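Okay, so here's the structure we're looking at.
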Amino acid sequence: MRRRKTIKKIIPKMPSRYQKKKGKAPGTITYMGRRENLESVVNVLEYNEDEFNLHAPANIDEIVAHKAPPLVSWIDIVGLSDEVFIEKVGNRFGLNSLVMEDIVNTHQRPKIDEYEPHIFGVFKMLYINESGELIGEHVALVLLENAVLVFQELEDDVFKGVRDRVRRKVGRIRSRGSDYLFFALLDAIVDNYFAVLEYLNDKIEVLEESVYADPSPDVAQKIQELKKEVLRVRRWIYPVKELVSRLIDTDHPLIAKQTKIFLRDVLDHAVEVNESLQIYREMSMSLMEMYMSNMSNKMNEVMKVLTIMASIFIPLTFIAGIYGMNFDHMPELHWEYGYYVVWGVMLLLFVGMLVYFKRKGWI
Amino acid sequence: MRRRKTIKKIIPKMPSRYQKKKGKAPGTITYMGRRENLESVVNVLEYNEDEFNLHAPANIDEIVAHKAPPLVSWIDIVGLSDEVFIEKVGNRFGLNSLVMEDIVNTHQRPKIDEYEPHIFGVFKMLYINESGELIGEHVALVLLENAVLVFQELEDDVFKGVRDRVRRKVGRIRSRGSDYLFFALLDAIVDNYFAVLEYLNDKIEVLEESVYADPSPDVAQKIQELKKEVLRVRRWIYPVKELVSRLIDTDHPLIAKQTKIFLRDVLDHAVEVNESLQIYREMSMSLMEMYMSNMSNKMNEVMKVLTIMASIFIPLTFIAGIYGMNFDHMPELHWEYGYYVVWGVMLLLFVGMLVYFKRKGWI
Amino acid sequence: MRRRKTIKKIIPKMPSRYQKKKGKAPGTITYMGRRENLESVVNVLEYNEDEFNLHAPANIDEIVAHKAPPLVSWIDIVGLSDEVFIEKVGNRFGLNSLVMEDIVNTHQRPKIDEYEPHIFGVFKMLYINESGELIGEHVALVLLENAVLVFQELEDDVFKGVRDRVRRKVGRIRSRGSDYLFFALLDAIVDNYFAVLEYLNDKIEVLEESVYADPSPDVAQKIQELKKEVLRVRRWIYPVKELVSRLIDTDHPLIAKQTKIFLRDVLDHAVEVNESLQIYREMSMSLMEMYMSNMSNKMNEVMKVLTIMASIFIPLTFIAGIYGMNFDHMPELHWEYGYYVVWGVMLLLFVGMLVYFKRKGWI
Amino acid sequence: MRRRKTIKKIIPKMPSRYQKKKGKAPGTITYMGRRENLESVVNVLEYNEDEFNLHAPANIDEIVAHKAPPLVSWIDIVGLSDEVFIEKVGNRFGLNSLVMEDIVNTHQRPKIDEYEPHIFGVFKMLYINESGELIGEHVALVLLENAVLVFQELEDDVFKGVRDRVRRKVGRIRSRGSDYLFFALLDAIVDNYFAVLEYLNDKIEVLEESVYADPSPDVAQKIQELKKEVLRVRRWIYPVKELVSRLIDTDHPLIAKQTKIFLRDVLDHAVEVNESLQIYREMSMSLMEMYMSNMSNKMNEVMKVLTIMASIFIPLTFIAGIYGMNFDHMPELHWEYGYYVVWGVMLLLFVGMLVYFKRKGWI
Amino acid sequence: MRRRKTIKKIIPKMPSRYQKKKGKAPGTITYMGRRENLESVVNVLEYNEDEFNLHAPANIDEIVAHKAPPLVSWIDIVGLSDEVFIEKVGNRFGLNSLVMEDIVNTHQRPKIDEYEPHIFGVFKMLYINESGELIGEHVALVLLENAVLVFQELEDDVFKGVRDRVRRKVGRIRSRGSDYLFFALLDAIVDNYFAVLEYLNDKIEVLEESVYADPSPDVAQKIQELKKEVLRVRRWIYPVKELVSRLIDTDHPLIAKQTKIFLRDVLDHAVEVNESLQIYREMSMSLMEMYMSNMSNKMNEVMKVLTIMASIFIPLTFIAGIYGMNFDHMPELHWEYGYYVVWGVMLLLFVGMLVYFKRKGWI
């Protein structure tokens with residue numbers, strides 16, 4: 001029953017979604033994810049060229065207090081199941097109710113929406129967790145004037161590198177505004193897609209090995225699962241390219257012109273990831289083709305053995321059958337060397353057959 | 001003959017359509033649906049921030065009377081077979097004859113047309129009825145200045161949630177105009193498409209299980225029917241994305257700017273539904289591929305059994321045949337242990353064959 | 001040889017075309033159709049709100065005489081093989097030589113060309129004739145200021161409904177100009193495409209039935225022919241959508257603004273027909289897939305029977321062979337119940353085999 | 001080894017191209033074709049409404065002399081292997097070195113480039129030569145103010161009709177300028193593509209016949225070769241549509257407005273050819289599918305014969321084997337009618353089997 | 001294990017990339033290639049109409065010194081593993097840190113980025129090395145006002161022809177600016193793609209030969225590898241067309257108008273390469289199809305032999321079995337010519353069978 005589980009993972013069960021939202025007004029904030037009843041954890045990281053501090057605010061009012069103009073605030077909210085809390089945070093930062101709905105909607109397709117005072121984005125962070133599984137974690141980013149709000153579903157994320165760079169003042173991140181932080185986070189998400197490509201690539205290589213070595217039905221099933229996994233990942237990654245491209249073309253005041261040069265880099269990566277996914281898709285289709293061709297090859301092998309055995313021994317058995325008949329008058333039976341002659345004939349036939357099959361290239 | 005029925009459902013029989021319309025002038029109002037000779041039922045729901053009332057007008061003149069400016073009227077007409085009645089209603093609200101033709105044309109492809117004084121849309125409400133069947137019900141929406149006309153074929157609909165929100169004053173619906181009501185109905189239609197996705201997803205999962213467990217021809221047929229069902233649903237859903245997108249770009253005075261933000265949400269959902277349908281299509285193709293691969297695997301199994309049995313016993317039978325011959329001079333027959341020697345040879349051959357097939361991985 | 005004929009119908013033999021036109025100057029009027037040497041028949045139908053008359057002019061000069069401004073003239077020319085006559089008619093109405101070339105070129109792809117004083121369109125009227133065959137008849141429409149010229153290849157057409165409406169003053173046709181007549185004719189052509197869809201749909205249903213019931217090679221051939229028929233029809237229908245769409249966007253003075261609303265309806269239908277054709281194409285591909293899967297299923301059946309019979313009886317025959325050997329010393333032969341013991345062993349083997357195959361689900 | 005040759009023809013061997021051009025400066029005039037070391041032959045045809053003369057200039061200086069303004073000159077250069085000569089001609093008419101490079105580059109993809117004083121086009125003339133082979137001949141056209149230069153590889157061409165029309169003053173060619181001549185040549189090239197369609201159509205019909213009658217491996221190979229031929233032809237024809245379309249939109253002074261109406265006709269034909277090629281491609285794919293289905297049908301036939309024979313006779317042989325055993329105590333052997341009873345049983349089994357297979361529809 | 005190696009080559013192992021870049025700031029210069037720890041080698045080639053000299057600067061300061069305005073400098077840096085050195089060079093020429101990152105990122109997808117003072121391009125030089133392998137070498141070009149910087153991974157390159165032309169003053173290269181040099185290098189890269197097409201074409205021809213001659217599973221594997229190779233090459237070549245097209249449309253001051261005419265030529269070639277790759281892709285798919293069809297043909301052959309042998313000899317053996325029975329009363333056994341009669345019957349059956357199979361076309 002292992003397989004069923006895999007399938008469920010691949011296509012997130014819709015009923016919950018449909019039943020949860022059914023009949024609610026648009027803009028109703030309904031958490032769609034799997035980890036229910038957990039408190040949200042907030043971490044605030046403030047920095048500019050000179051200062052840097054990290055603290056966990058005790059309550060929501062404190063969060064707002066940190067939104068001081070000369071500092072850039074990275075406000076990280078982990079855990080999205082407490083809808084009331086999310087709504088409070090959202091209200092404090094003046095987020096639209098539709099934005100808040102999307103923040104907790106873990107089924108939301110990647111998107112970037114521009115509003116007058118902020119830019120809002122939803123993405124999937126894809127990473128391989130410790131048990132080697134591919135995780136697609138919902139993350140929402142809100143770019144404000146001096147802050148970036150990050151709403152994520154689980155504690156794990158792909159932002160460790162960015163945190164380090166802020167902490168250790170590496171690169172230009174400490175000297176730039178919140179738009180650069182927004183870019184850096186987006187860049188981290190997209191860069192991590194390469195890890196997913198590796199993961200898929202490894203899977204393809206293993207399957208390729210199996211297809212050539214031992215094309216069992218199990219392998220066919222794994223190929224189909226790979227195909228579905230590629231489809232699933234593609235669905236999460238594919239829209240990013242278009243979104244970033246539109247962000248580059250925007251004239252929203254929150255995105256500085258020099259940040260757009262960096263966004264072009266993210267776009268490049270997004271394009272590359274999409275191309276690779278496309279190639280993986282074609283490769284998985286080729287795998288199935290190869291599997292079928294190997295199957296039919298094996299069938300050929302089986303048939304050849306049968307044909308050779310049957311073609312050689314059925315005629316010989318017939319000859320033996322002839323001289324097993326009980327007719328009163330069968331002169332050969334009384335020949336002194338009849339038996340040996342028959343053996344000779346049989347041997348000749350046997351060798352003839354072998355030569356024939358050899359010539360056909362079957363043995 | 002169960003299958004034939006399914007097919008008919010999937011591709012609505014065209015003859016009726018073609019024959020009904022044949023030779024009539026464009027703009028002739030001809031009901032295309034399946035429920036003939038039924039009276040239309042009208043319900044009017046009027047509301048604003050403070051007031052709310054629901055009543056069924058006794059005749060057409062009453063319907064118009066309710067179109068009072070400060071109130072938003074939701075006029076719901078159920079049953080489209082009485083063409084004369086529909087025409088009267090249409091004339092009262094100044095609808096174009098082409099619009100009226102589309103209202104009763106249950107074969108009409110989804111569309112949104114903008115006219116000077118109103119916006120007209122035709123959609124398919126998709127839902128699963130009580131007997132678990134997928135129903136595609138024709139619905140036409142007309143947005144007027146203070147009213148929305150809803151023409152639907154059957155009593156069932158997907159607007160229960162919207163009605164509740166109006167009744168119980170949930171969300172912003174009571175404080176907005178008729179364009180918001182129009183959006184809310186459209187949103188309800190599109191949101192319900194997710195229920196259809198669930199329905200298709202469940203079907204795919206069940207079929208997937210069957211393909212792995214027991215790839216009977218019946219399963220192949222079900223996969224083909226699923227493919228046609230996805231095609232049918234896609235045809236009804238696919239145009240919606242484009243239509244909503246155009247509605248967002250319109251500058252028609254009836255659509256307020258703040259309503260467009262909500263329409264963007266509907267667009268998001270429409271895009272997502274289309275993507276999922278695309279994935280289901282690819283998955284149903286993979287299912288067929290898997291079915292074929294399992295079939296050919298089973299054939300391989302069958303052939304292996306045949307080959308093993310035949311390859312082992314035909315040579316042995318040949319040997320037995322040899323010593324069943326009646327030659328006068330067959331020295332082996334008179335050996336004291338001849339019989340046992342032959343048994344020994346046969347056993348050796350038998351074991352040799354088993355080892356050979358074992359090595360080939362066939363047993 | 002029935003099949004060859006079908007093929008010829010599907011792909012109109014090119015040689016005639018190529019050989020007829022080879023080396024002629026562009027603009028040379030060369031009839032391309034199949035009905036040679038027939039006189040053209042002209043019918044003129046004149047009408048306005050009050051008047052209506054229909055007559056067959058005796059010669060070409062009379063045709064022109066009817067082109068009176070207050071009346072709309074529908075001039076119907078049946079039979080295109082008399083190139084000289086067509087040229088004379090064309091010259092009278094000031095048609096370009098390229099237009100006249102297209103009028104008689106029955107291989108012409110659907111097109112609409114706008115010229116200063118007229119709009120010219122070529123289409124295929126598709127209809128099912130009395131013997132149930134699908135006919136694709138070449139028709140050319142020329143919209144002039146107060147007249148529409150209709151050039152058609154055969155007497156049959158799809159305009160009966162339009163004629164009736166003009167005659168019986170149904171709908172708005174009598175009160176509108178020649179552009180509305182042009183639209184009405186175009187509408188009749190496109191509406192009739194739905195009859196072709198029915199025809200194809202019926203064919204698909206019949207083939208589907210056959211594929212499940214009896215997948216003979218004949219069925220495969222019919223599926224392939226269906227695919228070609230869909231291709232052929234698609235080629236004639238597909239361009240119409242684009243053409244009508246461009247006609248809606250034109251600012252040619254002959255097309256009134258209110259007529260464009262009706263053209264939008266034709267566009268809707270054209271889009272729908274194209275979508276259906278696309279679905280039929282996918283369905284015919286699924287049919288072939290289903291056919292292949294049923295074939296391979298039948299092969300499986302055959303192989304199972306063979307394997308079961310051979311696997312059961314070959315070992316039993318071997319045992320019988322053993323005791324048919326003529327060794328002097330075979331103790332079992334002299335046991336009193338040897339024969340019965342052997343029968344017992346055989347029965348055991350037989351039952352064991354049956355159980356084995358039963359467990360494998362083969363019987 | 002016949003096949004290998006065909007392949008070579010289909011994909012023109014690249015090495016020559018790559019090796020010939022390797023390291024040369026762009027604009028170097030290098031002949032790429034197959035007919036080396038041949039002198040170019042020049043023919044000049046001059047005409048206007050009243051005059052007409054044709055002569056072969058003795059040297060290059062004479063060619064220029066004919067470029068008299070009131071006459072249109074059609075300068076035909078056959079044979080492109082003499083690069084020095086081509087360069088001289090080019091220089092005389094002020095052609096760019098890149099243009100001259102393309103004139104002799106027989107691998108050049110179809111293109112039309114507009115330069116200040118001339119328009120330059122490269123195409124493939126496709127025609128069936130006397131031995132029934134499809135020839136793709138490189139041709140370059142240069143439109144000058146009062147002349148058209150035609151550079152062609154071989155003596156054969158598709159311009160006979162145009163030459164006749166000029167000579168015999170048919171149509172409007174004698175009264176128009178060089179742009180009309182350019183159009184007429186282009187038209188002749190594209191019109192001849194229909195001959196290629198015929199050629200492909202005939203091939204498809206023959207193959208279709210073979211697939212149904214005798215699906216030998218040879219047929220499969222021919223289908224694959226057809227597919228490659230369609231690909232090759234498509235590559236030469238496909239770009240023409242786009243090129244002509246751009247030529248229609250150009251505002252280059254050399255193309256008069258009334259000539260563009262004629263170019264629209266060429267465009268129509270190019271579109272039609274492309275559509276037909278697309279259909280041929282799909283038909284060749286269907287052919288392969290049909291081939292595979294027929295193959296698997298034949299396999300089914302073979303398997304049925306085997307199964308019927310084996311299923312009937314193996315059990316009967318078993319029964320015979322039973323009574324061939326040599327047990328001392330086999331009561332049946334001593335029954336007076338034992339032998340006949342066994343025959344009866346065998347006959348019953350035989351008939352039973354036949355009935356069983358008949359019911360299965362196998363015989 | 002030879003195969004595994006091939007696979008690795010085809011899809012460059014991602015881990016290195018992902019692990020190397022993980023967590024680094026954007027703009028960090030990290031070499032991604034395979035040749036670590038090698039010193040970079042610099043060669044400077046300076047020229048104008050009159051002068052020409054080539055020297056290897058001793059240190060970085062010297063490189064800058066040569067950037068004299070009246071001369072065009074071609075600065076060639078071979079070896080990209082020394083990131084510090086690359087950064088120094090980059091800084092000297094005022095390159096952006098993102099540019100420098102791309103210079104050493106050997107996984108970078110082809111791209112052309114325009115910056116205020118320079119144009120930057122990354123490409124793959126594809127060539128066949130001495131051992132016949134296809135090499136994809138990373139190369140970065142930077143166009144400055146009087147210089148072109150070339151950063152390449154390995155010593156081998158495709159620029160020998162350009163170097164020769166500069167040295168030997170062939171063509172216009174010595175009289176033009178750095179933009180012409182940039183074009184010439186780009187042209188050399190794209191021209192060399194034709195060599196790759198040849199390489200692929202040869203592979204396809206060899207495989208085609210094998211598929212027809214001996215469709216072993218090995219061939220199927222090689223076809224799949226070819227398909228992957230085409231995919232890989234396509235990924236490197238495909239974007240070039242779009243990039244050059246955008247370069248032609250640019251209004252960057254570094255690209256002179258007359259150079260754009262030459263770029264159009266490069267574009268032509270890029271388009272042609274892409275089309276050929278597309279054709280190769282379709283051809284490799286056809287190869288697989290052909291392989292499958294040949295496989296199934298061979299299976300047919302095998303089955304026919306089996307069926308013929310079994311169908312002939314099983315009935316004959318049955319007859320022999322009949323007369324091997326030991327019934328007391330079997331009159332035929334005592335007929336004088338019984339034995340010969342049986343032989344006769346057997347011969348008749350044998351011949352009958354042969355005729356039957358002959359008629360079926362199986363022998």
Side-chain angles (χ1 to χ4, degrees), chain C residues 3-4 7 11 13-15 17-18 21-28 96 98 101 107-109 111 113 214 217 220-221 224 227-228 231-232 235 288 291-292 295-296 298-299 301-303 305-306 309-310 313-314 316-317 319-321 323-326 330 332-339 342, chain D residues 160-162 164-165 170-173 183-184 187 191-192 194-195 197-198 201 204-205 208-209 212 261-262 264-265 268 271-272 275-276 279 282-283 286 289-290 292-294 296-297 299-300 303-304 306-307 310-311 314-315 317-318 320-322 324-331 360-362:
Chain C
R3 188 171 39 69
R4 293 293 343 243
I7 293 165
I11 315 272
K13 273 303 253 188
M14 297 287 174
R17 171 186 198 158
Y18 168 66
K21 292 294 288 183
K22 203 173 165 178
K24 291 193 182 171
T28 307
N96 191 318
L98 282 175
E101 190 186 354
H107 294 280
Q108 177 59 46
R109 195 175 169 271
K111 75 171 188 184
D113 279 345
D214 170 35
Q221 192 172 328
Q224 296 297 344
K227 279 165 75 175
K228 281 193 288 183
L231 279 178
R232 177 174 62 133
R235 190 187 191 179
M288 199 64 207
Y291 173 80
M292 290 303 280
M295 284 284 293
S296 114
K298 277 177 82 176
M299 175 100 77
E301 278 308 295
V302 172
M303 295 306 300
V305 169
L306 173 61
M309 295 306 280
F313 286 103
I314 289 178
L316 297 187
T317 305
I319 291 172
Y323 295 104
M325 291 194 296
N326 299 318
M330 290 178 65
E332 298 97 318
L333 294 179
H334 310 300
W335 295 353
E336 196 166 358
Y337 301 104
Y339 178 53
V342 165
Chain D
K160 276 159 207 134
V162 184
D164 276 7
R165 270 148 54 203
V170 175
R172 71 209 91 193
I173 197 160
F183 146 74
D187 189 54
D191 256 21
N192 230 63
F194 288 104
L197 293 186
E198 269 174 56
N201 195 43
I204 288 175
E205 283 190 12
E208 200 161 41
E209 206 68 44
Y212 291 127
I261 293 173
F262 293 99
R264 246 174 30 184
D265 215 55
D268 263 17
V271 168
E272 199 181 331
E275 273 178 9
S276 295
I279 287 178
E282 297 193 21
M283 277 167 74
S286 284
E289 207 176 41
M290 199 63 212
M292 290 303 280
S293 120
N294 278 11
S296 115
N297 216 55
M299 175 99 78
N300 247 350
M303 294 306 300
K304 267 185 207 162
L306 173 60
T307 300
S311 300
I314 289 178
T317 305
F318 163 67
I322 288 288
M325 293 195 294
N326 299 318
F327 284 100
D328 293 354
H329 306 278
M330 290 178 65
K360 281 210 162 232
W362 294 4

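Residue numbers start from 1 in every chain, and the chains themselves are labelled A, B, ... in the order their sequence lines are given, proteins ahead of strands. Just so it is clear, the model here is predicted, and its values are computed rather than measured.
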| chain C contact via D:K304 - which portion, at a heavy-atom distance below 4.5 Å | both
| request: Count the heavy-atom pairs under 4.5 Å between each of D:G324, D:G171, D:S286, D:G321 and chain C, then report the option with the highest count. | output: D:S286
| field | Straight-line distance of C:K298 NZ to D:K360 NZ, nearest 0.5 Å | value | 10.5 Å
| request: Go through the atoms of C:Y291 and report whether side chain, backbone, both or neither lie under 4.5 Å from a heavy atom of chain D. | output: side chain
| query | Is there side-chain contact between C:E332 and C:V342, with heavy atoms separated by less than 4.5 Å? | reply | no
| Segment of C:M299 engaging chain D (4.5 angstrom heavy-atom cut-off) | both
| message | Between D:V170 and D:D164, is there a side-chain heavy-atom distance shorter than 4.5 Å? | response | no
| Checking heavy atoms, do the side chain of C:M295, its backbone, both or neither come under 4.5 Å from chain D? | both
| Minimum side-chain heavy-atom gap C:Y339-D:P331 below 4.5 Å | yes
| task | Rounded to the nearest 0.5 Å, what's the gap from CE on C:M303 to CG on D:L306? Could you check? | result | 7.5 Å
| message | Once rounded to the nearest 0.5 Å, what's the spacing between atom OG1 of D:T317 and atom CD1 of D:I322? | response | 12.0 Å
| Flag side-chain contact, heavy atom, 4.5 Å: D:E208 against C:K228 | yes
| query | Side chain, backbone, both or neither: which part of C:M330 has a heavy atom under 4.5 Å from chain D? | reply | neither
| request: Under 4.5 Å heavy-atom distance to chain D, tell me which part of C:L231 shows up: side chain, backbone, both or neither. | output: both
| task | Check each atom of D:I261 against the heavy atoms of chain C and say whether the ones under 4.5 Å are side chain, backbone, both or neither. | result | both
| message | Is there a side-chain contact between C:K227 and C:Q224 in this structure, where contact means two heavy atoms from C-beta onward sitting under 4.5 Å apart? | response | yes
| said: Is D:N300 close to chain C through its backbone or its side chain, or both, or neither, when contacts mean heavy atoms under 4.5 Å? | reply: both
| said: Which atoms of D:D187 are under 4.5 Å from chain C, going by heavy atoms: the side chain, the backbone, both sets, or neither? | reply: side chain
| remark: Looking only at C:L98, C:D214, C:N326, most heavy-atom pairs under 4.5 Å shared with chain D are made by C:L98
| field | Per-residue contact mode, C:N96 against chain D (heavy atom under 4.5 angstrom) | value | side chain
